[in-house]
Amino acid sequence: MEAETSWTTYPYNYITTHVPEAESYSDEQSQDETKVQTFPMDSLLPNDLLERILTFLPIASIFRAGTVCKRWNEIVSSQRFLSNFSNNNSSVPQSPWYFMFTSTDDPSGYAYDPVIRKWYSFDLPCIETSNWFVASSCGLVCFMDNDCRNKIYVSNPITKHWRKLTEPPGHRSTDYTALSTSVNRAKQSYSVSIVKSKQVPGDFFQWDLSVHLYSSETMTWTTRVTDVLTGWRGGDESVICDNVLYFLIYSTGGSDHRHGLVALELSSTSSSSGVLMRSFIPMPCSLTCGRLMNLKEKLVVVGGIGKHDRPDIIKGIGVWVLKGGGGKEWQEVARMPQRFFQGFGELDDVFASSGSDDMVYVQSYGSPALLTFDMNLKCWKWSQKCPVSKKFPLQLFTGFCFEPRLEIAP
């Protein structure tokens, strides 16, 4: 792994950064006529030209620009600048960042920028503890509490703008819940889905499952489907790709598969029994765990590959993509080389993984080591060393990825 450290410890807060006043210059500064006065070049530029120049900066530099002086901060905080920045960068993909929690008690942590390979001290809005459910899409991040599961927020972690959603329908006390979100850039809207799974009282093999969808256009929740699964239960993995909700289900006995995948068209509404299992998709192989992600509207699974004789023991990590056209076939993209797999040290059968665009992140719960995988280049690479360190043996690490965007708002 990379031994070099690279991080910035200033608070990464776009809106509330302390801004110094611009320096003033006076003709009476010096009586010495031979003394040469200097003026900053930007003071000679009109606001519209300076604004145009600043829109070509990467997002990380935009934050620094906002701390130069009051004038610069007002420019980069204006709605016109955000719109122009969006137009200039609409054709440039935003490499997703990865946020790593530093504690299991509070939501503080660091965000990793893979372009300039730096970590930034970063504060998240709304979230209270690191064990909350998290889902992201196109610059928006959705948080849901892990207790009553009725506090749901959608936010832009860069601008710190956020919105609290109304409480979703269905059981408050569920055994398993999966959260996902999807942004429609054309309509400038978003949706949030929650898959709830609760054991039927007295029957371990039967589980009530319901899917609820929130639309930002109507600002209401609708129940898309209710069903009873036999021999399967829901879990905490789901993702929306091309208006299709995919979520993992887990065998409770009587099946050769430990995991399965269910696909649900969000445009349809059904409560008929057995509708979910008709769209059952087997996993590509025996997995110790599976992580679902949307990469350019394609469903990608990063999974732990189990041993042949001990399927619950991990022997490697693979990446698969579900072939298009509504099929049920998987295409293997890559398998993690052993030198990277062993670089995590003791890797449990479960791990954290998320991705966006062409970037996949893999993180062990037992260490702050972070590995990246480029889907285009088929290249595995360690991130720069994170400033988070392991302080006690049972300390857990986790995180999620999101796209850093200025122009999108919840």
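In what follows, residues are counted from 1 in the order of the sequence shown.
- Around the CZ atom of Arg258, the shell of radius 6.0 Å holds more than 12 heavy atoms that belong to other residues, nucleotides or ligands.
- At least one side-chain heavy atom of Cys142 sits less than 4.5 Å from a side-chain heavy atom of Leu179.
- Residues Val244 and Leu264 form no side-chain contact, since every pair of their non-hydrogen atoms from C-beta on lies 4.5 Å or further apart.
- Note that NZ of Lys187 and OG of Ser215 are 8.5 Å apart. Values are rounded to the nearest 0.5 Å.
- Between Ala334 and Phe373, the closest heavy-atom pair is CB-CZ, 3.5 Å.
- Across Cys386, Ser383, Ser130, a single residue satisfies side-chain contact (heavy atoms from CB on, under 4.5 Å) together with Met100, and that is Cys386.
- Side chain of Ser216 to backbone of Tyr190: a donor-acceptor contact under 3.5 angstrom is found.
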Where do Trp162 and Tyr153 land on the ring pair (Phe, Tyr, Trp, His ring centres under 6.0 Å) test, with the steps shown first? CA-CA 7 Å; Trp162 57 272; Tyr153 301 89; 5.6 Å; yes
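- With rounding to the nearest 0.5 Å, the separation of OG in Ser238 from CZ in Phe133 is 10.0 Å.
- At least one donor-acceptor pair under 3.5 Å links the side chain of Ser78 to the backbone N or O of Phe81.
- A distance below 6.0 Å separates the ring centres of Phe400 and Phe99.
- From Lys315, atom NZ reaches atom CD of Gln338 across 9.5 Å, with rounding to the nearest 0.5 Å.
- Minimum interatomic distance between Gly355 and Met293 (heavy atoms only, all atoms of both residues): N-SD, 3.5 Å.
- Of the listed residues (Met144, Glu128, Glu167), just one forms a side-chain contact (heavy atoms from CB on, under 4.5 Å) with Lys151, and that residue is Glu128.
- When side chains are defined from C-beta on, Phe204 counts as touching Thr252, because their heavy atoms get closer than 4.5 Å.
- Cation-pi geometry between Arg233 and Tyr176 is satisfied (NZ or CZ under 6.0 Å from the ring centre, within 45° of the ring normal).
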Any chance you could lay out the side chain to side chain contact (heavy atoms under 4.5 Å, CB included) test for Val154 and Val192, step after step, and finish with the verdict? CA-CA 9 Å; Val154 176; Val192 177; 4.1 Å; yes
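- Using modelled atom types, one finds no donor on one side chain facing an acceptor on the other under 3.5 Å when comparing Glu237 with Tyr246.
- In this structure, Phe143 has its ring center no closer than 6.0 Å to that of Trp132.
- With contacts defined as side-chain heavy-atom distances shorter than 4.5 Å, the pair Trp380/Thr372 does not qualify.
- Met359 contributes atom CE, which lies 5.5 Å from atom OG of Ser95 (distance to the nearest 0.5 angstrom).
- Side-chain atoms of Asn146 never come within 3.5 Å of backbone atoms of Arg149 as a donor-acceptor pair (strictly under, hydrogens ignored).
- Side-chain polar atoms of Ser137 and Ser182 form no donor-acceptor pair below 3.5 angstrom.
- The main-chain N or O of Leu276 is found under 3.5 Å from a side-chain atom of Ser279 such that the two form a donor-acceptor pair.
- Proximity of a side-chain donor or acceptor of Trp119 to a complementary backbone N or O of Asp113 within less than 3.5 Å is not detected.
- Between the side chain of Asn156 and the backbone N or O of Ile408 there is at least one donor-acceptor pair closer than 3.5 Å.
- Put simply, the side chain of His212 reaches to within 4.5 Å of the side chain of Lys196, judged on heavy atoms.
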Side chain to side chain donor-acceptor pair (under 3.5 Å) between Thr102 and Ser108: does it pass, once the steps are laid out? CA-CA 6 Å; Thr102 59; Ser108 61; 3.1 Å; yes
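- At distances below 3.5 Å, at least one donor-acceptor pair connects side-chain atoms of Thr288 with backbone N or O atoms of Asp349.
- Ring planes of Phe402 and Phe122: tilted class, angle from 30 to 60°.
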Would Glu74 and Arg80 satisfy salt bridge (charged side-chain N to carboxylate O under 4.0 Å, His left out), going step by step from the backbone distance to the final call? CA-CA 11 Å; Glu74 289 176 348; Arg80 189 176 73 171; over 6 Å; no
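- Listed by first then second residue, pairs satisfying salt bridge (charged side-chain N to carboxylate O under 4.0 Å, His left out) with a partner in residues 327-344 read Lys323-Glu329, Glu332-Arg335, not counting sequence neighbours.
- Between Tyr112 and Trp97, the ring centre distance reaches or exceeds 6.0 Å.
- Within the 4.5 Å cutoff, the side chain of Ile240 has heavy atoms near those of the Leu266 side chain.
- Side chain of Lys70 to main chain of Asn73: no donor-acceptor pair is present (N/O by atom type, distance under 3.5 Å, no hydrogens or angles).
- Side-chain N or O atoms of Lys198 include none that pairs as donor or acceptor with a backbone N or O of Trp207 at under 3.5 Å.
- Counting heavy atoms from C-beta on, the side chains of Leu299 and Val239 come closer than 4.5 Å.
- The backbone N or O of Asn47 sits nowhere less than 3.5 Å from a side-chain atom of Glu51 that would complete a donor-acceptor pair.
- To the nearest 0.5 angstrom, Leu371 atom CG is 8.0 Å from Ile317 atom CD1.
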